[in-house]
Q: 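Quick one: this structure, given as structure tokens, is what I'll be asking you about.
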Amino acid sequence: MNFSRQLVDWYIVNKRVLPWRDTENPYFIWLSEVILQQTRVQQGLPYYQSFVKTYPTVEKLAAAPQDEVLKLWQGLGYYSRARNLQAAALQIVEDDLKFPDNYKDLLRLKGVGDYTAAAIASFAFHEVVPVVDGNVYRVLSRLYGISTPINVPAGVKQFKELATKLLNKKEPATHNQAIMEFGALQCTPKNPDCSSCPFKLDCVAFQEDTVRDLPVKLKKAKVKSLYHHYVVVQTPSGKTIMNQRDNSNIWAGLFEFPYIEANGSLLSSEVIGHDVFKEVVGKSRFRESVYNQQPIIHKLSHRKIHAYFWVVKVEEELETAVLVEEAFQKPVSVLIERFMKKFWQRN
DNA sequence: AATGCGGGGCG
DNA sequence: CGCCCAGCATT
């Protein structure tokens, strides 16, 4: 099948009228592409209009006060885009006002990555480079039934290679516009209109009924915050208390200081009043102080632990305490290891 | 390889 | 509520 030909045919009939499609001015195209990064057309449209109107040339943008640019960007989100936009405008103006006219040089601009460089290079300069944005991942993964995750390097590579192969070398600009528009209007994330799709006979996902499963995207495990208040005992003879974790969860079998699990920071009165603390210290007199006022942040793949270490000097020896030297022999987590080394000054 | 960075629309 | 949107920079 001649994919590109059919795609462009579809595009000619179905495309929306959008202002940045009526120009080959690289500056305008660049503006539109940056505005549309992770942003829907409908949301970006008014911002594009006001930027073009306020800064009709790259020199005007370069000369504008940063606050003014940010003000104009207000409400659009991802504000580093606005700062990078202006930084790049300055780059261009200082570079003798020669707007970069190819993919490789465009990539040097602040805020211009692989997608945006390819978009400007093809739309404004007809360079033969494929755009690979969220739409393209979706369209290609479905059409070819590719389940490689789109957000891992292997997937990025695979889809870019496929997009390169499919790209219409004579009309890269129209082809690139068309495939994105197709993803935005027809091959949508939810409820794509497969019944009227010109590719339904060739679409692997449609034939195999996996449209709703594609593209595959690795979801980052959402990180849960935990607050651990560790009780670090010091007996008169310099011993401390450590417990071994059970085998059913993280850090299984490793040793650690007894700790209170809380929903945030604690007052020392709350620590002292807690059952875990009472259990550890027993009836002995004590003086407590927090080692770190600010939590030590320890990140795991799916946990973010806010650790507070409470140092508790007790006046009596405790049954289960061990010498610090012995404590250092025990297997512990990196979090505990780092604290111990700092606190007891061992290497 | 992971994370932070926004605001809005949709099912 | 979770997902996604014409992604990029930084670590």
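Below, chains carry the letters A, B, ... as their sequence lines are ordered, and counting in each starts from 1.
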Q: In whole Å, what is the span from the CD atom of E33(A) to the P atom of dC8(C)?
A: 10 Å

Q: According to salt bridge (Lys or Arg N to Asp or Glu O under 4.0 Å), does anything in residues 265-294 of chain A pair up with another residue at least two apart or in another chain? List the pairs.
A: R285(A)-E315(A)

Q: Check the distance between dC3(C)'s P and L214(A)'s CG and give it to me in whole angstrom.
A: 16 Å

Q: Rounded to the nearest Å, what distance is computed from the NZ atom of residue K157(A) to the C1' atom of nucleotide dA1(B)?
A: 17 Å

Q: Shorter than 3.5 Å, N or O on both sides, protein versus nucleotides 6-9 of chain B: list them out with atom names.
A:
unit_1	atom_1	unit_2	atom_2	d
dG6(B)	OP1	Y78(A)	N	3.4
dG6(B)	OP1	Y79(A)	N	3.1
dG6(B)	O4'	Y78(A)	N	3.1
dG6(B)	N7	Y78(A)	OH	3.2
dG6(B)	O6	Y78(A)	OH	2.9
dG6(B)	N1	Q38(A)	O	3.0
dG6(B)	N2	T39(A)	OG1	3.3
dG6(B)	N2	L76(A)	O	3.2
dG7(B)	N2	Q43(A)	OE1	3.4
dG8(B)	N2	R40(A)	NE	3.2
dG8(B)	N2	R40(A)	NH2	3.1

Q: Rounded to whole Å, how long is the line connecting atom CD1 of I120(A) with atom P of dG7(C)?
A: 13 Å

Q: Quickly work out the I35(A) CD1 to dG7(C) P distance and round it to whole Å.
A: 13 Å

Q: Please set out all donor-acceptor pairs under 3.5 angstrom arising from side-chain atoms of residues 54-63 of chain A, sequence neighbours excluded.
A:
unit_1	atom_1	unit_2	atom_2	d
T54(A)	OG1	S50(A)	O	2.6
Y55(A)	OH	E68(A)	OE2	2.7
T57(A)	OG1	E59(A)	OE1	3.4
T57(A)	OG1	K60(A)	N	3.2

Q: S32(A) or L109(A): which one's nearest nucleotide on DNA chain C is closer to the 5' end?
A: S32(A)

Q: Assign W20(A) to base, sugar-phosphate, or nothing according to its heavy-atom contacts below 4.0 angstrom with the strands shown.
A: base

Q: Does H274(A) have any ring-ring contact (aromatic ring centres under 6.0 Å, His included) partners at least two apart in sequence or in another chain, and if so, which?
A: none

Q: Calculate the interatomic distance between D193(A) atom CG and dC10(B) atom C1'; express it in whole Å.
A: 17 Å

Q: What about F199(A) and F182(A), are their ring centers closer than 6.0 Å?
A: yes

Q: Using the P atom as the point on both nucleotides, what is the distance between dA6(C) and dC10(B), in whole Å?
A: 13 Å

Q: dG6(B) and dC3(C): how far apart are their C1' atoms, nearest whole angstrom?
A: 15 Å

Q: Between I146(A) and L214(A), what is the shortest heavy-atom contact and its length?
A: O-CD2, 3.4 Å

Q: Tell me the ring pair (Phe, Tyr, Trp, His ring centres under 6.0 Å) pairs involving residues 104-124 of chain A, sequence neighbours left out?
A: none

Q: Can you pull out every salt bridge (Lys or Arg N to Asp or Glu O under 4.0 Å) where at least one residue sits in residues 99-128 of chain A? Sequence neighbours excluded, please.
A: K98(A)-D101(A), D105(A)-R108(A), D114(A)-K160(A)

Q: What nucleic acid atoms does Q42(A) come within less than 4.0 Å of, heavy atoms only: base, sugar-phosphate, or nothing?
A: nothing

Q: Touch check for R212(A), heavy atoms < 4.0 angstrom, all strands: base, sugar-phosphate only, or nothing?
A: nothing

Q: Could you work out the separation of dC5(C) and dC5(B) based on their C1' atoms and round it to a whole Å?
A: 14 Å

Q: For the residue pair R16(A) and A184(A), what are the closest heavy atoms and their distance?
A: NH2-CB, 3.7 Å

Q: Short of 4.0 Å, heavy atom to strand atom, which residues of residues 45-64 of chain A count as contacting DNA chain C?
A: none

Q: Given atom NZ of K217(A) and atom P of dA2(B), what is their separation to the nearest angstrom?
A: 14 Å

Q: Can you list, in residue-number order, the parts of residues 124-136 of chain A that come under 4.0 Å of DNA chain B, counting heavy atoms only?
A: none

Q: ring-ring contact (aromatic ring centres under 6.0 Å, His included) with F125(A): which residues, sequence neighbours excluded?
A: none

Q: Among residues two or more places apart or on two chains, list those pairs meeting salt bridge (Lys or Arg N to Asp or Glu O under 4.0 Å) that have a residue in residues 255-268 of chain A.
A: R245(A)-E256(A)

Q: Which pairs count as salt bridge (Lys or Arg N to Asp or Glu O under 4.0 Å) when at least one residue sits in residues 21-48 of chain A, sequence neighbours excluded?
A: R21(A)-E181(A)

Q: Just checking V112(A): base, sugar-phosphate only, or nothing, at a heavy-atom cut-off of under 4.0 Å?
A: sugar-phosphate

Q: Specify the separation, in whole Å, of atom CG of N151(A) and atom C1' of dG4(B).
A: 15 Å

Q: Report which part of the nucleic acid N176(A) touches: base, sugar-phosphate, or nothing (heavy-atom distance under 4.0 Å, all strands).
A: nothing

Q: Partners of K200(A) by side-chain hydrogen bond (donor to acceptor under 3.5 Å, both in side chains), sequence neighbours excluded?
A: none

Q: Taking the nucleotide of DNA chain B with the closest heavy atom to each, which residue, P153(A) or K190(A), is nearer the 5' end?
A: P153(A)

Q: For a quick test of reading the model, state the closest non-hydrogen atom pair linking F257(A) to F339(A) and the distance between them.
A: CE1-CD2, 3.7 Å

